[in-house]
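Worksheet for the structure shown next.
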Amino acid sequence: MTVEHPDYTPLVNAALARLGLDAKTRLLAGQDLWSLPALPEIGLESLVMSDGPVGVRGVAWSADDPSLALPSPTALAATWDPELARQAGRVLAQEAHRKGVHVLLAPTVNLHRSPLGGRHFESYSEDPLLTARIGTGYVTGVQESGVAATAKHFVANDAETERFTVDNRVSQRALRELYLAPFEEIIAAAHPWALMSAYNGVNGSTMSEHRDLQVGVLREEWGYDGVVVSDWLAARDTLAAIEGGLDVAMPGPLTVFGPALAAAVRDGRVAEETVDTAVRHVLLLTARLGLLDGAAPVVPEDGRPAPLDGRAVAREIAARSVVLLRNQNRILPLDPAALRSVALIGRAARDARFLGGGSATVYPTRVVSPLEGLREALPDDVALTYATGADPDDQLAVATEGFTLRAVLRDAHGTVLAEQPLTLGRIRWMDSALPGGVDYDALESVEIIGTFTPRDSGTHHFGTGGTGSYRLTVNGTVVYDGADRDGGDPMEVLTGRPVPRGTIDLEAARTVEVSLLHRKPKVSYGPIRGVTFGLSHRDPERDDDQLIEDAVAAASTAGTAIVVVATTERVESEGFDRSDLRLPGRQDELVARVAAANPRTVVVVNAGAPVEMPWREDVAAVLLTWFPGQEGGAALADVLLGLSEPGGRLPTTWPARLEDAPVSRVTPEGGVLPYDEGIFIGYRAWQNHSAAPAYPFGHGLGYTDWTYETIKAHRDTDHTVSVRIEVRNTGARTGREVVQVYLAPAGTHQGIERPERWLAGFASVTAAPGGSAVAEITLPQRGFQIWDDTTASWTTVPGRYTVHAGHGLDTLPLATTVDVTA
Ligand code: BGC
């Protein structure tokens, strides 16, 4: 579907001409956390933005306003399927329309530079081409449905440590060939209507003020005409930000734009034309969205694609993203007719880890756990047992299971102003959006109150999240009464990581009363005002040795053991990086013990980013399910039982041990993080490295076999290269193959430092048993170019190239050559 863009210039200019300076500068500043103000004088409606990659949260960040949760970005990238990414985009646009959201704050197209990056799960790949292709599909799907996508975070926001201030020192070549490349291609191919500037700095300037990149490269070189919005709270200096090419400062109402910008113009410190340029960008965006009077939106309501079934798309992406890393004796797919019994093991098998933490968090109405998925899918005569095995999460989590809660809002006299049922023990209200329209100034206290019916007897742990002054009462006993106030990172204030406050002994199935009274519930962080806190809980600690013994006993008597291992919320999240790649708790020991007890042990790795798997050669099969979204358990059952083929291929190299990873540093020194490795990240670095990874980039098995039969390549007149690859399905079932093409210099290339091989194109094909399929892949000219620092331009490196084709970086059975001239 090609979307025609009308020429909005006359309309935008006319609207601009009718705006005074104050109105213009107001339009460049958030009026609250998520929106820009309406300007009725020019018939402009308020524009609403919302996170984020896996779902559309909406302006209420709460479980009471549920959202569809798709698999996380690493999962989407593992499908290597831009068309599927496009469907994800369409589904999210539907969600955005449902929630009154105009701008989706996604996709995240930063790179997997280090496996320690806290938001690794939230971006696609270590490879710029794969990132660009998935991002293009996603943006296309969102925007052809009439919602703006926001490619973020521009640029080099590849880790979280000191993220507001870190200055990443990146060579021009690495910037161009790696970090800017996905933005460049996505802008050229899919024209995202918005871009988010990063928190970090690059080579000495913080990104929201980076004129060279935000004006020089983005506007002047690439001709970008969308809006550049700050990351939340990243715009800190009126002059530097507006001169540096930032259009919109978020969130509001207090920002460095708005009145501060108007004053700067009046003082003569900023030219009004500079403001006008930014306002034009915003007006163009609102015209595209149909929010500006007289502007027909790019996609009218009746021009949107046919609605998709969001749950079905979530399930399909999840199944297609599963990477089968190992499958000894073809233990998978399991044959339901031959299965007697299955022992399902692991905390995450019951309490699914379906997404990563931070601004990407959404609250779905349902989450299908592996236990539920398998229970539903297995025939009735297969005995399914469940054992926790090892509990990786030794921390408090937001109160949910067994709790029935509501919020009570009171004024200074204790009079109830409003009540609201809660699906979770978590409150996040902005000052302007209190339940029941309660006036923020009148609000004095908020109580989370209700009942709790424990699953297990024993010592239960309770805690609070967010800063403030609390009284916590459980079963008539005051567990905590006190106050604290701190908080640095806004995520800390907004998400409120739980703090333990006390314990109490409770009996299984005996319902007790709970109350968490917040006496000073109003918080502010910069311009953000609101109420954000929560009640957290943890089940009684169980004897870990006993848990493992129980799981081993269950595994040893079952026909097949399936162990689900996972990271926790405190391992993978926005706001902090990881310190190691180990599975938390005693999960490694659990897998080793179960595998020793049952040779038919299948391990399901439920993590958004690489983890060490020291037992990987000792188990029958290893499946990687990423953070699979709300339908993950159903998709896992589809894959285990062979209804779906595990279609995923690694979008990132999987190290055996952290210390093997060629690039891992995420901690700045003196505020500076040097990207000393230059263009050698991911597989580009592993190729010249002493250690071998556990699994290479592109790896992933299917349920059938493929032979690579023929390859032909020729150079086209437009400097691209066309490659034709014929493959045959030599296995016993219909399958899907991701045909990958890598380029390598053949002979000398003027001594230019380049990776050994690099991904230059890919395509998926399907074929029935015995059938053949042809992949036609066009390799872009960029594949043959490098960024030349001396001329500050792209240069084709002439010479002979080997064109390799195959199943993954380590399995490239076909090759041909192509000669390229400058
Ligand atoms: C994140 C952005 C996000 C924004 C709004 C920031 O902390 O870095 O990705 O869009 O918050 O939630």
Side-chain angles (χ1 to χ4, degrees), residues 53 72-80 85 107-135 153 155-160 168 170-171 173-186 321 323 325 356 572 577-578 581 607-611 624 626 648-656 658 660-666 673 675-689 691-700 738 740-743 754-762 783 808-810:
S72 290
T74 38
L76 192 60
T79 69
W80 289 58
T108 304
V109 297
N110 300 117
L111 296 184
H112 295 163
R113 176 178 170 271
S114 160
L116 295 174
R119 293 178 92 167
H120 197 283
F121 71 89
E122 205 193 305
S123 45
Y124 294 131
S125 169
E126 67 190 16
D127 182 79
L129 182 102
L130 180 57
T131 299
R133 297 289 162 87
I134 299 293
H153 310 83
V155 61
N157 187 174
D158 311 300
E160 295 295 280
N168 294 325
V170 198
S171 74
R173 188 169 167 207
L175 255 186
R176 294 290 185 153
E177 294 186 21
L178 299 176
Y179 304 101
L180 287 169
F183 288 97
E184 184 181 13
E185 185 174 334
I186 292 168
S321 75
V323 181
L325 292 173
E572 289 186 72
D577 289 316
R578 299 163 76 187
L581 302 183
V611 290
L624 195 56
W626 312 101
R649 306 289 184 262
L650 285 179
T652 273
T653 313
W654 211 265
L658 172 62
D660 295 343
V663 180
S664 60
R665 179 172 164 196
V666 288
L673 182 65
Y675 283 25
D676 281 338
E677 69 287 345
I679 58 163
F680 296 98
I681 65 164
Y683 66 82
R684 289 165 164 79
W686 282 97
Q687 290 167 344
N688 304 318
H689 196 55
Y695 300 102
F697 180 78
H699 175 72
V738 181
Q740 303 168 33
V741 175
Y742 295 84
L743 285 177
R754 302 195 80 174
E756 211 172 279
R757 287 172 188 169
W758 58 95
L759 183 72
F762 60 92
L809 195 54
D810 65 335

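Values reported hereafter were calculated over all heavy atoms of this structure, with side chains retained and with hydrogens, waters and symmetry mates removed.
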Notebook entry, point to check: Distance-only, no hydrogens or angles: does the Glu677 side chain make a donor-acceptor pair with backbone N or O of Val663 under 3.5 Å?
Noted result: no
Next item on the list: Work out which heavy atom in Ser664 is nearest to a heavy atom in Leu116; give both atom names and the distance.
Entry: O-CD1, 3.5 Å
Check: Given Leu809 and Gln687, is the side-chain contact (heavy atoms from CB on, under 4.5 Å) satisfied, shown in steps?
Finding: CA-CA 10 Å; Leu809 195 54; Gln687 290 167 344; 4.2 Å; yes
Next item on the list: Determine the minimum heavy-atom distance between Arg754 and Gly783, stating which atoms define it.
Entry: NH2-O, 3.7 Å
Check: Counting only N and O atoms by type, is there a donor-acceptor contact under 3.5 Å from the side chain of Arg113 to the main-chain atoms of Arg665?
Finding: yes
Note to self: Using only atom types and a distance under 3.5 Å, with no angle test, would you say the side chain of His120 pairs donor to acceptor with the backbone of His112?
What the structure shows: no
Check: Between Val666 and Glu160, is any pair of side-chain heavy atoms under 4.5 Å apart?
Finding: no
Can you give me every donor-acceptor pair (side chain of residues 125-134, partner residue at least two apart or in another chain, under 3.5 Å) with its distance?
| unit_1 | atom_1 | unit_2 | atom_2 | d |
| --- | --- | --- | --- | --- |
| Ser125 | OG | Asp127 | N | 2.8 |
| Ser125 | OG | Pro651 | O | 2.7 |
| Glu126 | OE1 | Thr653 | N | 3.1 |
| Glu126 | OE1 | Thr653 | OG1 | 3.3 |
| Glu126 | OE2 | Thr653 | N | 3.3 |
| Glu126 | OE2 | Thr653 | OG1 | 2.6 |
| Glu126 | OE2 | Tyr683 | N | 2.9 |
| Asp127 | OD1 | Tyr683 | OH | 2.6 |
| Asp127 | OD1 | Arg684 | NH1 | 3.0 |
| Asp127 | OD2 | Leu129 | N | 2.9 |
| Asp127 | OD2 | Leu130 | N | 2.9 |
| Thr131 | OG1 | Asp127 | O | 2.8 |
| Arg133 | NE | Glu185 | OE2 | 2.8 |

Next item on the list: Evaluate the criterion side-chain contact (heavy atoms from CB on, under 4.5 Å) for residue pair Gln740 and Arg649; output intermediate values, then yes/no.
Entry: CA-CA 10 Å; Gln740 303 168 33; Arg649 306 289 184 262; 4.0 Å; yes
Item checked: Inter-residue atom distance Leu658.CG - Leu581.CG, 0.5 Å rounding -> 4.5 Å
Check: Within the side chain of Glu572, is there an N or O that forms a donor-acceptor pair under 3.5 Å with the backbone of Phe121?
Finding: no
Notebook entry, point to check: Are any side-chain N or O atoms of Thr74 and backbone N or O atoms of Gly608, one a donor and one an acceptor, separated by less than 3.5 Å?
Noted result: yes
Check: Any side-chain donor paired with an acceptor under 3.5 Å for Asn168 and Tyr179?
Finding: no
Next item on the list: Could you label the plane-to-plane angle of the His689 and Trp686 rings as parallel, tilted or perpendicular, counting under 30° as parallel and over 60° as perpendicular?
Entry: perpendicular
Note to self: Please enumerate all residues that pass ring-ring contact (aromatic ring centres under 6.0 Å, His included) together with Trp80, with sequence neighbours excluded.
What the structure shows: Phe697, Phe762
Next item on the list: Measure the spacing between CG of Asn157 and OG of Ser123 and express it to the nearest 0.5 Å.
Entry: 9.0 Å
Margin query: Just verifying a value: how many Å separate Ile681 CD1 and Leu111 CG, rounded to the nearest 0.5 Å?
Written below: 5.0 Å
Margin query: Looking at Ile679, is its backbone amide N or carbonyl O close enough to the side chain of Glu177 to form a donor-acceptor pair, meaning the two atoms are under 3.5 Å apart?
Written below: no
Item checked: Phe680 CZ to Glu756 CD distance, which is reported to the nearest 0.5 Å -> 10.0 Å
Check: In this structure, which one of Glu122, Arg119, His153 forms a side-chain hydrogen bond (donor to acceptor under 3.5 Å, both in side chains) with Thr108?
Finding: Glu122
Notebook entry, point to check: Where is the tightest heavy-atom contact between Ala661 and Pro115, given as atom of each residue plus distance?
Noted result: CB-CG, 4.2 Å
Note to self: Could you check whether any side-chain heavy atom of Pro107 comes within less than 4.5 Å of a side-chain heavy atom of Pro73, counting everything from C-beta outward?
What the structure shows: no
Note to self: Rounded to the nearest 0.5 Å, what separates atom OG1 in Thr79 from atom OH in Tyr124?
What the structure shows: 9.5 Å
Notebook entry, point to check: After noting the C-alpha distance and the side-chain angles of Trp654 and Val323, does the key distance pass the side-chain contact (heavy atoms from CB on, under 4.5 Å) rule?
Noted result: CA-CA 12 Å; Trp654 211 265; Val323 181; over 6 Å; no
Checklist line | Trace of the side-chain contact (heavy atoms from CB on, under 4.5 Å) decision for Tyr695 with Leu624 | finding: CA-CA 12 Å; Tyr695 300 102; Leu624 195 56; over 6 Å; no
